Colleague: 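If you scroll down you'll find the structure; I have some questions about it.
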Amino acid sequence: MSYERHYSVHKTLTKDVIHKKLSGVCGGIANHYELPRLGVRIAAVVALFSFPVVTGVAYIVAAMLLPTRK
């Protein structure tokens, strides 16, 4: 007889509407991966200056496709 428990917690990636600056993408990523919001935003700005086209397209696509948290 086994008494092991299997917990399944599914966190979904959503936009953060409470702590949003533009659309809530960076806040949602920070909440999902439990990172500081400011760090994620700084990383996004650095990536925007380093790879402007790729980062801009990725942010716009994420803003359109990610659901908002209810």
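From a predicted model like this one, the values you see are computed outputs, not experimental measurements. One-based numbering along the sequence shown.
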Colleague: Got a list of side-chain donor-acceptor pairs under 3.5 Å for residues 43-54, not counting sequence neighbours?
Modeller:
| from | atom 1 | to | atom 2 | distance (Å) |
| --- | --- | --- | --- | --- |
| Ser50 | OG | Val46 | O | 3.0 |

Colleague: Using the side-chain hydrogen bond (donor to acceptor under 3.5 Å, both in side chains) criterion, which residues pair with Ser23? Sequence neighbours excluded.
Modeller: Tyr59
Colleague: For residues 36-57, which residue pairs pass the salt bridge (Lys or Arg N to Asp or Glu O under 4.0 Å) check, not counting sequence neighbours?
Modeller: none
Colleague: Kindly compute the distance separating NZ (Lys20) from OG1 (Thr68), expressed to the nearest 0.5 Å.
Modeller: 9.0 Å
Colleague: Leu65, Val57: one ILVMFWY side-chain cluster at the under-4.5 Å cut-off?
Modeller: yes
Colleague: Identify each donor-acceptor pair in which a side-chain atom of residues 24-35 lies under 3.5 Å from a protein atom, sequence neighbours left out, and give them as a table.
Modeller:
| from | atom 1 | to | atom 2 | distance (Å) |
| --- | --- | --- | --- | --- |
| Asn31 | ND2 | Asp16 | OD2 | 2.9 |
| Asn31 | ND2 | Gly27 | O | 3.4 |

Colleague: Decide yes or no for Leu66 and Leu13: does some side-chain heavy atom of the first lie under 4.5 Å from some side-chain heavy atom of the second?
Modeller: yes
Colleague: If you link I, L, V, M, F, W and Y whenever their side-chain heavy atoms are under 4.5 Å apart, who else ends up in the same group as Met64?
Modeller: Ile60
